[in-house]
Undergrad: 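Shown below is the structure under consideration.
Keep in mind that what you see is a predicted model, and the values were worked out from it rather than measured. Order of the sequence lines fixes the chain letters, A, B, ..., with proteins taken first and strands second; residue numbering starts at 1 for each chain. We use all heavy atoms of the structure for the numbers below, so side chains are in, but hydrogens, waters and symmetry mates are not.
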Amino acid sequence: VYVYNRLISVLMEAGHHDEAYAIYRDMLPDTARPDSHTYVRLIVGFCKAGRIKQAQEIFLDVRQQGCESRGIVYNAMIHGLGEAGEVSEAMKILGEMTEKDCSPDVWTYNSLIHSLGKAGQVKKALRLLQVMISEGCTPDVFTYNSLICSLGRSGRVVEACELYEGMIGKGCLPDVVTYNTLIPVLCNAGEFPAALNLFKFMRSVGCQPDVFTYSSLVVGLCKARRIDDA
RNA sequence: CUGUUUUCGU
């Protein structure tokens with residue numbers, strides 16, 4: 001199986017999707033039964049290539065044959081659908097997971113929250129945050145970053161900041177991505193003192209700014225014609 | 001390093 005999977009990975013990455021698929025078709029149930037690695041590679045690869053239908057076909061095999069670590073394969077399919085803008089299809093799979101007692105995990109929810117936000121359905125994304133919490137799944141820094149980003153994009157600056165405070169309150173440490181997400185949001189809202197404060201703050205807590213941090217500040221300040229500050 | 005999630009303006 002390992003050799004097959006490695007081969008499929010290489011072919012997929014080189015863009016030889018159909019060859020990879022043929023290899024997958026050659027895998028025999030008793031000698032080299034496809035496992036979660038096989039399925040994830042194929043599904044992710046076909047989704048990235050924009051061939052969602054093909055990915056869904058492979059996903060059908062997982063539904064029928066089953067495999068270990070099904071959850072990861074489900075997550076991969078959910079992510080692929082979400083990226084393709086098929087959020088409602090992705091949500092259906094979430095329902096299917098609970099039915100087939102394959103518990104959604106933090107990756108599942110994070111993917112969906114991200115896709116919903118990207119599709120402009122921030123309200124649903126926030127609702128899903130409540131669902132995940134009520135299901136006993138603890139949101140992590142990915143969850144919060146993603147939601148802060150969606151809130152910021154839709155101009156809900158105050159809520160974005162509140163969620164930032166909220167994550168700290170819940171003991172989830174912001175990372176460089178959190179700051180990189182929030183700083184441009186503040187800049188776009190004209191809140192330069194707050195943006196610069198946040199920049200100072202991240203450094204004071206030992207979070208190293210990276211190229212995204214600096215460029216978002218420079219771009220933000222330039223847009224406001226504060227070239228000297230930039 | 002055989003696998004899934006967050007920040008990136010055509």
Side-chain angles (χ1 to χ4, degrees), chain A residues 1-14 20 23-24 27 32-48 55 58-59 62 67-83 87 90 93-94 97 102 104-118 122 125 128-129 132 137-153 160 163-164 167 172-188 195 198-199 202 207-220 222-223:
Chain A
V1 203
Y2 183 94
V3 176
Y4 276 100
N5 287 346
R6 189 86 189 90
L7 187 53
I8 287 174
S9 286
V10 170
L11 287 169
M12 279 310 238
E13 263 174 49
I23 300 283
Y24 160 65
M27 295 175 77
R33 184 163 194 261
D35 62 7
S36 59
H37 293 268
T38 322
Y39 292 119
V40 168
R41 266 304 190 193
L42 289 164
I43 289 172
V44 169
F46 277 114
C47 286
K48 278 188 182 153
I58 295 159
F59 186 61
V62 183
C67 74
E68 32 64 59
S69 312
R70 256 183 323 162
I72 297 177
V73 183
Y74 276 69
N75 290 346
M77 191 68 247
I78 285 176
H79 178 242
L81 286 167
E83 287 298 286
V87 195
I93 298 184
L94 172 66
M97 288 178 84
C102 172
D105 61 10
V106 64
W107 292 69
T108 319
Y109 289 112
N110 287 350
S111 264
L112 284 165
I113 285 173
H114 169 69
S115 303
L116 286 168
K118 203 170 149 190
V122 189
L128 198 53
L129 170 69
M132 79 183 281
C137 184
T138 308
D140 63 9
V141 67
F142 284 76
T143 323
Y144 290 112
N145 289 349
S146 172
L147 278 166
I148 288 170
C149 181
S150 310
L151 286 168
R153 275 205 224 284
L163 195 59
Y164 162 75
M167 71 189 282
C172 179
L173 267 194
D175 63 6
V176 65
V177 176
T178 316
Y179 298 111
N180 290 351
T181 307
L182 207 45
I183 286 173
V185 168
L186 291 169
C187 286
N188 287 332
L198 200 57
F199 174 67
M202 71 185 283
C207 182
Q208 263 294 324
D210 64 10
V211 62
F212 289 105
T213 325
Y214 287 107
S215 86
S216 67
L217 274 172
V218 169
V219 169
C222 284
K223 272 192 196 163

Undergrad: Return the set of residues passing side-chain contact (heavy atoms from CB on, under 4.5 Å) with S9(A) (not counting sequence neighbours), or none when no residue passes.
TA: R6(A), R41(A)
Undergrad: Y39(A): which residues meet the ring pair (Phe, Tyr, Trp, His ring centres under 6.0 Å) condition with it, sequence neighbours left out?
TA: Y24(A)
Undergrad: Give one of base, sugar-phosphate or nothing for S36(A), where a contact means two heavy atoms less than 4.0 Å apart.
TA: base
Undergrad: Output all residues satisfying side-chain contact (heavy atoms from CB on, under 4.5 Å) with C47(A), sequence neighbours left out; order by chain, then residue number.
TA: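 Here the qualifying residues are I43(A), I52(A), A55(A), M77(A).
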Undergrad: Which residues pass the ring pair (Phe, Tyr, Trp, His ring centres under 6.0 Å) test with F59(A), not counting sequence neighbours?
TA: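 Testing F59(A) for ring pair (Phe, Tyr, Trp, His ring centres under 6.0 Å), a comparison that skips the adjacent residues, returns Y74(A).
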Undergrad: Tell me the interatomic distance from Y74(A), atom OH, to U4(B), atom P, rounded to whole angstroms.
TA: 19 Å
Undergrad: Figure out the CG/P separation between L42(A) and U4(B), and round it to whole Å.
TA: 13 Å
Undergrad: side-chain contact (heavy atoms from CB on, under 4.5 Å) with A20(A): which residues, sequence neighbours excluded?
TA: I8(A), L11(A), M12(A), L42(A)
Undergrad: Starting from P on U4(B), measure out to CE on M12(A) and report it in whole angstrom.
TA: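 Value for this atom pair: 12 Å.
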Undergrad: Check the distance between G3(B)'s C1' and R70(A)'s CZ and give it to me in whole angstrom.
TA: 17 Å
Undergrad: Strictly under 6.0 Å, is that where the ring centroids of Y214(A) and F199(A) end up?
TA: yes
Undergrad: What is the separation between atom CD on E68(A) and atom P on G3(B), rounded to the nearest whole Å?
TA: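 In whole Å, G3(B) P and E68(A) CD are 14 Å from each other.
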Undergrad: Could you run down nucleotides 5-10 of chain B 5' to 3' and tag each one B, S or - for protein heavy-atom contact under 4.0 Å?
TA: BBBBB-
